[in-house]
Every structure is written in structure tokens, then in C-alpha cells.
Amino acid sequence: MKNIKKYTVFTFIVFLSSIYSCTDILDQEPLNITHPNVFWDSQPNAEQALAGSYSLFKYAMTVQASFIFWGELPGMTFMNSRNWIANYVEGSGNYVLPYRGYSRDWKYFYRAANWALTIEKYVEDMPDDLFTSKEEKDRIIGEAAFVRGLSYYWMARIWGDVPIITESVESSSQLLGEDGYIVRVPRSNELEVLDHALEATNKAIGLLQYSSPGSPTWAITANKASAEALKAGLTLWYASRDNGNTEMIQQSIDAATSVINNSGAELIDYVNEGKDGFDAMCIGQSKTGLFEINMSAAMNESFRMSNSDSYYTGLTLNAPIWKNENTNVAPTIDPDFYGKQMMNEDPDRENDVRKELFFYDYESSTNSFPLKYSHSSPDPNSEDNYALFSESNILLFRMADMYLLRAEAYARSGNAGLAVADLNMVRSKANVPDYMGDTDKETLMKVIFDERAIEFVGEGKSAYDRIRMEYYEGVPWMNQSRIAKKGYFWPVDPSIISNNPSIVQTEYWRGAL
């Protein structure tokens, strides 16, 4: 049946791997793509290319559990993996990860973005009559633009300043200047990067149509609501990086509102839907999903679950999911971490149903861990009960995110009443009473962070939330000196700088790697 790893349209990825077998533009190595007259001649080929773009982004997020290292562990909310690399991040905050080169290397995002840009370029030039309709042609272009915007948004949140590549790289000749020397692309200011991501995202919004829960590709390929969800997060991040840019805050509110009103998606009611609702959300394509990385053995888009530290299952799950505790890797909910303290000390959380739904044995100080990636199916060709394929999607955007992003945007704009209304909408689904406390901006931001900390635990958001909200309580290594040098960003892999000396390391990390 399935092998250890099967990503979308595997045969096409083999083709892509041959294209990118050495490295990418930022490493200044030659690459080539299929000749346009041969490949870009039909809608099925364009669809195949689009599937490859999604797969490249999926690989960038999942290789060596990178999305967990970037977005979850540095936030120090709830999860302590006990893996030595994660302890290095959580304990000293150096973010060096010497044996996790993939987490420091942005080339996989550039592969996804470059392939998406290539799709945009060639599909736009294809005659309309090669497609079943003009709307289908627009959809393919729009989805590719979404992947490009998503890739740059993720890079901006991980590294801040990154190079912007505006030309589809198709041959080695594009990497050479007129003087015959290799072209070197420096890092662009993070606001310019966000502008580039926003341009792609707006393009996607303009070309895509709304879908609806239950449709075959719901949440696992982009639709208009997926792109608007990306815009809601992107513009709020932009505002936080640009002195509270009021225009961007309003764009975030407008985008989130459009998703809430037009997507057809709904919040999961954890009180009334219980474990069934939680399971549906995590397995994916549920009524609450907006965009997810698909993991489905039935679709040949899954992987053999492993307790290795190279897999996010190994960094988030514990016994009895595995045969033994594997104490070098297996996680616990550390009672000293911010999230556990917050949940235990806040009387409003006493009957929060997410304690039981989201965690295994929440009250335990030694055996509790998150359950969002615990869903699995057995390998029918194996007699080993632990030969399992992952069935848990990676939830990038879902409806609760829209309400809490909008709550934050309202808080930033001084509209406390609307901020509290959105906050309470999410709390009500988890049996948490309405918020009745102070409504000044600083207090509301903390309350919203707390809500996000439990609602999105394990989903790779906490570290980004801290940067965006400038909230570092519970993170012992973060201080004003480090913040001033942008030490909250991930360092650039030194090998990238060696290959492209125009790349300058982030100030905090200079001389530290």
C-alpha cells in the first residue's frame, strides 16, 4: 500500500526533484524546467503543476517537523517535547539548532514560490480555450498566487527580511549577469516582503471563488476564503511591524469579516459536538477549516507516523500512542510553561472543555500531551499495531483564527466592545464564561493571546503570536536588548550566506553561529 512518505502527485514531485536536485536561486546553482511548448499545453498539465506547488509548500512546512520548531516550541505555551533540540530552543533560546539545517534554510519556500510564479506566468499566457472555462483558468492562476503569497508570508514571519524573487527562474542563464558573474539577490526589508506577499494574496482573492464545506477539495486547496484568511493574518502582521499601521488593521478586519460572512465555514462547538467535533476538525476538511495541509492515506497524501524527532508526531505525541514513552523525544505539558500556568490559574478555565478534548490526561504533570496529531489509520499490510499512517491535517487557517485575529485588530483600533464580542464567541464554544475584565488595549491583547494559546496549541502559531503582539511573558530568554536586534527571528543558515555573500545575517545572530 503506502510507503513511508507519499506527498501529493508523487510522480510530479519526482519531476520537480530533478529540477531542483541541487539547490535554488538563492544558492546560485543552475536549474531548468520543462520547455513551455511541451508542458504548458493543457489544463491537466497546469493542474499537475499546481499540485506540485502545493506539495513543495507542504514539504517546506513538514521536513524535519519544521513548522513545530518555528511556530510552537519557542512560544513556550503548553508543549515541552523533551527532545534535546527542542530543549535547546526552549531552554536557552539560541535558536541555533545545529543539527536542524532544514529549519534554518529558506530554500524550500523559494522552491514553492518560484514554481507558483512559474505557473502564474505560463497559465496566464495559455489560450482560454485550453481550459474548460475561463473561471477554471483563473482558479489555477489564483491558487498559484495564493501559494506564492503564503510562502513569502511564512518567510517574513520566520526570518523578517528575505530576498524577493520577481522573475520565474527557468534556466541557469538567468543566474548570470551580463558580465558573466553570478547574480546575487540581497535581503529585502520585511515590509517590502509583506507588500510582495500581499500583492500575490490580493491577486488570488480577485481570481478565486468561494467554495463550501463538503466540496471535494474544501480547505485542502485554496478558495477565495482561504486567500482572505491569509490576508487577515498577513495585514495584521504588517500592522504590527509598521507601528500599528491603521490601514492594515482595517484591511485585516475587512478580510476576516468577509471570511466570517461569506465562507460558509463555522466554529466547532466543542461543548455540543465534543470529541466528534474535535476529531472532524483535526482529520480535516471539516466545516471549520479554511486552509490545511492534507494528510490522508486514502488520497496517498500521508506518511508513516513515527516517534522520531524528525516528525511532528514524535514531537507532539506520547504513550499510549506509541509503544513506550521514548523519553528523549515524547512531550509533556510542562506545569511551568506559560499555557499550563494560565489555564490552571484562571478561574474562567475551570470547566474549559478543551482541557479534555485537546490533551491526553490534562491534569497529569508527567503524561499529558496534545492530541491534535494523534489521528491515524492502520497499515493493512502490516501486523504491527503501531504501523500507522497519519490522518491529522495541519490546520493553517480555520474559523476560530478569523474571530481571534479580528478581535485583536479591533483591540488595536480601540474598539474594545467588538473585540470582546469576538473573543466571547470563541470562548462560548468551549464552555468558558464571557470575559468581564478590563478592556484597555494592553489587557485585551493579553487575554486574546491567552485564548489563542489554548485554541491553537500544537498548530504552530504561538511563537508568531508573541512576535506580533510583542508579548513575551513566560519566555525567559527574551529581553529588550535581544528584541532591539530582532533576536526573535530565526537565523539565516550560514551556508546561504556562504553561497550568496550579499545576504547579511540578522543582527542578533552575527558572530553567534
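The line from CD of Glu408 to CG of Leu236 is 4.5 Å long, rounded to the nearest 0.5 Å. Note that the CE atom of Met281 and the NE2 atom of His375 stand 8.5 Å from one another [nearest 0.5 Å].
Side-chain contact check for Arg406 and Ser252: no donor-acceptor pair (N or O, by modelled atom type) lies under 3.5 Å. Looking only at atom types and distance, the side chain of Thr77 has a donor-acceptor partner in the side chain of Ser462 under 3.5 Å away. No side-chain donor-acceptor contact under 3.5 Å links Ser296 and Asn294. Side-chain contact check for Asn83 and Asn87: no donor-acceptor pair (N or O, by modelled atom type) lies under 3.5 Å. Side-chain atoms of Ser310 and Gln64 include no donor-acceptor pair closer than 3.5 Å. Defined by atom type and a distance below 3.5 Å, a donor-acceptor pair is present between the side-chain atoms of Asp450 and Tyr338. Donor-acceptor pairing under 3.5 Å is recorded for the side chains of Tyr210 and Ser258. With no hydrogens or angles considered, a side-chain donor-acceptor pair links Tyr238 and Asp195 at under 3.5 Å. A side-chain donor-acceptor contact under 3.5 Å links Tyr471 and Glu473. Between Arg187 and Thr506, the side chains place a donor N or O and an acceptor N or O closer than 3.5 Å (distance only, hydrogens not considered).
Arg184 is listed as a side-chain neighbour of Pro501, based on a closest heavy-atom distance under 4.5 Å. A heavy-atom distance below 4.5 Å is not found between the side chains of Gln43 and Lys137. No side-chain heavy atom of Tyr152 sits under 4.5 Å from any side-chain heavy atom of Leu194. In this structure, the side chains of Met248 and Arg412 stay at 4.5 Å or more apart for every pair of heavy atoms.
Relative orientation of the Trp154 and Tyr464 rings is perpendicular, given thresholds of 30° and 60° on the angle between their planes. Taking the six-membered ring where the residue is Trp, Phe291 and Phe397 present tilted rings, their angle falling between 30° and 60°. Relative orientation of the Tyr88 and Trp84 rings is tilted, given thresholds of 30° and 60° on the angle between their planes. The aromatic rings of Trp40 and Tyr122 sit parallel to each other, their planes meeting at less than 30°, with 60° as the upper class boundary.
In this structure, Thr313 contributes its side chain and Ser306 its backbone to a donor-acceptor pair below 3.5 Å. Judged by distance alone, the side chain of Arg468 and the main-chain N or O of Trp237 form no donor-acceptor pair under 3.5 Å. In terms of modelled atom types and a separation under 3.5 Å, the side chain of Glu72 and the main chain of Ala463 share no donor-acceptor contact. Between the side chain of Asp242 and the backbone N or O of Asn245, no donor-acceptor pair lies under 3.5 Å. Between the side chain of Glu292 and the main chain of Gln285, a donor-acceptor pair closer than 3.5 Å is present. At least one donor-acceptor pair under 3.5 Å links the side chain of Trp159 to the backbone N or O of Pro491. At distances below 3.5 Å, not a single donor-acceptor pair connects side-chain atoms of Ser66 with backbone N or O atoms of Thr62.
The environment of CD in Gln250 is crowded: more than 12 heavy-atom neighbours from other residues, nucleotides or ligands sit within 6.0 Å. Counting non-hydrogen atoms of other residues, nucleotides and ligands closer than 6.0 Å to CD of Glu470 gives a total of 12 or fewer.
Between Leu208 and Ala227, the shortest heavy-atom distance links the atoms CD1-CB, 4.4 Å. Across all non-hydrogen atoms, the minimal contact from Gly289 to Arg398 is CA-CB, 4.3 Å. The heavy-atom pair separating Tyr373 from Gly458 by the smallest distance is OH-O, 2.7 Å.
Proximity of the aromatic rings of Tyr312 and Phe303 is defined here by a centroid distance below 6.0 angstrom, and this criterion is met. Proximity of the aromatic rings of Phe109 and Trp70 is defined here by a centroid distance below 6.0 angstrom, and this criterion is met. When ring centroids are compared, Phe456 and Phe78 stay outside the 6.0 Å threshold.
Judged by the 6.0 Å and 45° rule, Arg157 forms a cation-pi pair with Tyr153. For the pair Arg304 and Phe389, the cation-pi criterion (under 6.0 Å, within 45° of the ring axis) is fulfilled.
Of the candidates Ile220, Thr221, Leu150, Thr221 is the only one forming a side chain to side chain contact (heavy atoms under 4.5 Å, CB included) with Tyr54.
Looking at Arg148 and Glu143, no side-chain N of the basic residue comes within less than 4.0 Å of a carboxylate O on the acidic one, giving no salt bridge.
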